[in-house]
Amino acid sequence: MTARPPVPPFTRETAIEKVRQAEDGWNSRDPEKVSLAYTEDSRWRNRADFVTGRDEIVEFLRRKWTRELDYRLIKELWAFDGNRIAVRFAYESHDDSGNWFRSYGNENWEFDENGLMAVRHACINDLPIKESDRKYHWPLGRRPDDHPGLSDLGF
């Protein structure tokens, strides 16, 4: 198994790095690439969905990014200890009818010794927004380093 640094136990700096890596991966909207950050048998709870293993992760993400168009995400470290990290996040996307949403949530992550995520629990709430209320305007892909984070935006 290939290590995916940083690996636990996390420091504040390595936890922040791990969170940014996750944000960057999800902003790629590439299900296969994203799935490689998780163990082969990773277990998720995402809203009311329960997902197990990389194949199910890939299928889940394909469905997600087919529905959630122009998806842009910001994650922020909330807490960490040993091999666990808690994050808060917000993302913006729209449906195929052009209705925009900002989705807010919290995630709890647990990593194996190789730095792969073995467990992910996500709680998410969706807020309809007007297109004019969007805050995330960078080109699709990685959030620019100089773009405000969640705390900077008051989220």
Side-chain angles (χ1 to χ4, degrees), residues 4-6 10 12-39 42-80 84-111 115-155:
R4 193 165 181 110
F10 297 111
R12 179 167 182 74
E13 292 74 26
T14 60
I16 289 169
E17 181 181 349
K18 201 67 157 177
V19 170
R20 183 59 192 241
Q21 288 176 354
E23 175 187 314
D24 291 349
W26 281 61
N27 276 328
S28 76
R29 297 182 336 265
D30 181 336
E32 288 79 12
K33 175 184 172 186
V34 171
S35 74
L36 297 177
Y38 301 90
T39 61
S42 185
R43 293 177 293 112
W44 288 17
R45 182 189 45 74
N46 192 93
R47 300 178 196 247
D49 291 314
F50 292 83
V51 177
T52 303
R54 285 188 184 156
D55 291 341
E56 289 185 21
I57 290 169
V58 168
E59 288 308 311
F60 172 87
L61 293 172
R62 280 190 184 134
R63 287 190 312 273
K64 173 182 181 62
W65 292 320
T66 298
R67 291 186 321 269
E68 296 175 353
L69 307 172
D70 291 320
Y71 176 95
R72 291 172 179 85
L73 165 74
I74 299 177
K75 291 183 181 280
E76 185 174 282
L77 176 67
W78 185 253
F80 69 95
R84 293 181 174 173
I85 296 176
V87 300
R88 60 191 204 93
F89 64 88
Y91 66 85
E92 294 180 348
S93 64
H94 66 86
D95 61 20
D96 59 3
S97 297
N99 300 303
W100 281 90
F101 299 89
R102 186 173 304 119
S103 300
Y104 298 95
N106 300 292
E107 294 178 329
N108 296 313
W109 302 341
E110 185 176 316
F111 294 86
L116 296 172
M117 195 181 302
V119 178
R120 176 180 171 269
H121 298 286
C123 296
I124 306 166
N125 299 296
D126 301 313
L127 174 69
I129 61 172
K130 298 176 192 168
E131 185 171 4
S132 61
D133 291 334
R134 292 178 51 222
K135 303 291 184 192
Y136 302 176
H137 297 282
W138 68 85
L140 290 176
R142 187 178 193 277
R143 175 174 55 100
D145 291 334
D146 62 349
H147 190 282
L150 293 181
S151 291
D152 301 320
L153 292 168
F155 293 159

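As the structure is a computational prediction, the values presented were derived from the model and not from experiment.
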Do you know the tightest heavy-atom contact between Pro148 and Arg143?
-> O-NH1, 3.8 Å
Any side-chain heavy atom of Thr14 within less than 4.5 Å of one from Phe80?
-> no
Could you pull out the closest heavy-atom pair between Thr39 and Ala118, with the gap in Å?
-> OG1-CA, 3.6 Å
Considering residues, nucleotides and ligands other than Trp65, do more than 12 of their heavy atoms fall under 6.0 Å from its CH2?
-> yes
Side chain to side chain contact (heavy atoms under 4.5 Å, CB included) evaluation trace for His121 with Asn106 = CA-CA 8 Å; His121 298 286; Asn106 300 292; over 6 Å; no
Under the salt bridge (Lys or Arg N to Asp or Glu O under 4.0 Å) test, residues paired with Arg4 that sit two or more places apart | none
Compare all side-chain heavy atoms of Arg63 with those of Pro31 and state whether any distance is below 4.5 angstrom.
-> no
Roughly how far apart are Thr52 OG1 and Arg45 CZ, rounded to 0.5 Å?
-> 13.0 Å
Taken in chain and number order and not counting sequence neighbours, the residues that satisfy side-chain contact (heavy atoms from CB on, under 4.5 Å) with Thr66 are none
Sequence-distant partners of Glu107, side-chain contact (heavy atoms from CB on, under 4.5 Å), two or more places apart = Lys75, Val87, Phe89, Trp109, Arg120, Ala122
Report the residues that fulfil side-chain contact (heavy atoms from CB on, under 4.5 Å) with Asp30, sequence neighbours left out, ordered by chain and then residue number.
-> Ser28, Glu32, Lys33
Does Ser42 offer a backbone N or O that forms a donor-acceptor pair with the side chain of Glu56 under 3.5 Å?
-> no
Side-chain touch Val51/Asn46, heavy atoms, less than 4.5 angstrom | no
Do other residues, nucleotides or ligands put more than 12 heavy atoms under 6.0 Å from Arg84 CZ?
-> no
Nearest heavy-atom neighbours spanning Ile85 and Lys18 = CD1-CB, 3.9 Å
Quick one: CD on Glu76 to CD on Glu23, what's the gap to the nearest 0.5 Å?
-> 10.0 Å
Where is the tightest heavy-atom contact between Leu61 and Val34, given as atom of each residue plus distance?
-> CD1-CG1, 3.5 Å
Do the rings of Tyr71 and Trp26 sit parallel, tilted or perpendicular, given the 30° and 60° boundaries?
-> tilted
Quick one: are Phe10 and Leu77 in side-chain contact, heavy atoms under 4.5 Å?
-> no
Backbone N/O of Pro6 and side chain of Glu17: donor-acceptor pair under 3.5 Å = no
Residues in side chain to side chain donor-acceptor pair (under 3.5 Å) contact with Tyr91, at least two apart in sequence or another chain | Arg47, Lys64, Glu68
Checking Val19, Leu150, Ile74 against Arg88 for side chain to side chain contact (heavy atoms under 4.5 Å, CB included), the one that qualifies is Leu150
Using atom types as modelled and distance alone, determine if a side-chain donor or acceptor of Tyr136 lies under 3.5 Å from a backbone N or O of Ala90.
-> yes
For Ala86 and Asn108, work out which heavy atoms get closest and say how close.
-> CB-OD1, 3.7 Å
Measuring from Tyr38:OH to Trp44:CH2, what's the distance to the nearest 0.5 Å?
-> 4.5 Å
Return the set of residues passing side-chain contact (heavy atoms from CB on, under 4.5 Å) with Asp70 (not counting sequence neighbours), or none when no residue passes.
-> Arg72, His94, Trp100, Leu140
Roughly how far apart are Asp126 CG and Asn99 CG, rounded to 0.5 Å?
-> 12.0 Å
Should we say atom CZ of Arg134 is surrounded by more than 12 heavy atoms from elsewhere, each under 6.0 Å from it?
-> yes
Look only at the side chain of Asp152 and the backbone of Gly149, and say whether a donor-acceptor pair between them is shorter than 3.5 Å.
-> yes
Quick one: closest heavy-atom pair of Gly141 and Arg29, and the distance?
-> N-NH1, 4.3 Å
Under 3.5 Å donor-acceptor, Glu92 side chain and Lys135 backbone | yes
Asn27 side chain vs Leu73 backbone, donor-acceptor pair below 3.5 Å | yes
